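Below: the structure, in structure tokens.
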Amino acid sequence: MPRHATVNPQRRTRLIQALAFALSAACGKLQAATTGAGSASADTTTKAPTPTDAPPSPAAANTPNPQLPPAEPAPLPASLAWKDADSLLVHNPHAIETRRAVLGRQLITPTQCLFVRDNALPPPARLLAEAGQWPVAFGGVAQPDAYTLAELQAMPTRTVATVLQCAENGRALQSRPAIGTQWQTGAAGCVIWTGVPLTTVIHELGGVVPGSRFLTATGADSLPDGIASDFTRVERSVPLSALEHALLAWTLNGAPIPLAHGGPLRLVLPGYAGINYIKYVRRIAFTAEESSAHIQTADFRVPLRPGEPRLTIPAWRLPVKSWITEPLGSGEPVKAGTTPIRGVAMGGASAVTRIEVTADGGATWHPAQLTGSDLGPFAWRLFEISLNLPPGPVELACRATNAAGQQQPELTTDNTGYFVNGWREHHVALTIAPAG
Ligand SMILES: Nc1nc2c(c(=O)[nH]1)N[C@H]1C(S)=C(S)[C@@H](COP(=O)(O)O)O[C@H]1N2
Ligand SMILES: [Mo]
């Protein structure tokens, strides 16, 4: 497998343009965003977040999340004061999502608007002051060794755009939502990572030991009493095949990864659910068996076969999914007539190839246009269609299909609270005002 062959020059140019745009955009308040990354002018420079967020209060860590969103949105925790509060919905200090309208405003989600999801407390922020010394150990290779971040940064880099999405995203939209954080659509974003391909590092270490079936990554989360057990450790295993696209990343949208998003070093697994993107990664190992950590064996699991929720596999590759971000019926009433409908569409583990929109609850579907740049199979696409909406109640929904031929179902079969991707669950109900 050629080690650096995944990004063609054209895509590299688009990635750089998208990155420049992401750095200039203030959570999508620029109208130009919907026409794609290349068309923006970088006239305003938003301060990139500094990777020095203080650790949040220990109170909410390792406790079950409240089932319902707060009646009044909670304020951002002090460690995340650099985030754009208006773009976010704070479920609790460790579960913060992006508001639905925000994600469709630009292709790349600015870091200030990106969701946050912690299962444990991050490591102490002071470690980021010596980020270059951050060690990461490699096991299950011919010559086990550790590298510092500075050493990794001296290796050839790769830049990739991926959807970062929590496996729990959309949970609140099910008719009988599973318990846990009631995420709507905003536990997701499309962001740009730069780092070293994991294959490059593994090659230097003499390759993966024979018999390895999994890539297992461990986070440096601050654990209760500092004791790592199967119940507290944040460690996930993914199939060895995920190595092909895996990246050890130190920049997010062109700036050092903030602590909240896994700085100084994060495992990026394009096409995989957010839980597998281990933050503040401390150890990478190639193993014959999956991790015995609770977060692998008991949580973040999906039914192997729909309708049989007792037989589960880890939430690995993301499913095909899309949702409308405009109109949502929250602002001025939409008037009858030709109305632009916009949203985001993602293929999951392969590129999104088709997106259709219905304005009559699924009776008729209209092909919509994928707009903006194509930043590769693991990024999402913006989409748009103009439909003539009649006065009265309408039910808008969208349905994506990916390169593997998978299409969003009408409803998610199981309510395990993971991989919710039914088009009807993501519908938007509106009452259209008479024209004029
Ligand atoms: N070390 C570590 N990595 C982690 C987590 C964590 O709690 N600790 N949370 C996971 C989950 S469930 C998700 S959805 C993503 C969230 O990434 P973000 O907080 O950067 O949005 O990180 C994943 N990686
Ligand atoms: Mo997650």
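In listed order, ligands and their atoms are each counted from 1. Not measured: the values here are computed from a predicted model.
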Check your understanding: Is the centre of the F300 ring less than 6.0 Å from the centre of the Y418 ring?
Key -> yes
Neighbour count >12 (heavy atoms, 6.0 Å) for atom CD, Q369: no
For W134, is the NZ or CZ atom of R282 found under 6.0 angstrom from the centre of its six-membered ring and inside 45 degrees of the ring axis?
-> yes
Residues at least two apart in sequence or cross-chain that pass salt bridge (charged side-chain N to carboxylate O under 4.0 Å, His left out) with D230, listed by chain then number, are R233
Practice task
Indicate whether any N or O donor in one side chain lies under 3.5 Å from an N or O acceptor in the other, for E425 and T412.
Solution key: yes
Contacts for ligand 1, heavy atom under 4.0 Å, by chain and number, are F115, V116, R117, D118, N119, A120, L164, C166, G219, D221, V234, A260, H261, R266, G274, I275, Y277, I278, K279, Y280, F300
Note to self: With a 4.0 Å cut-off on N to O distance, would you call K279 and D118 a salt bridge?
What the structure shows: yes
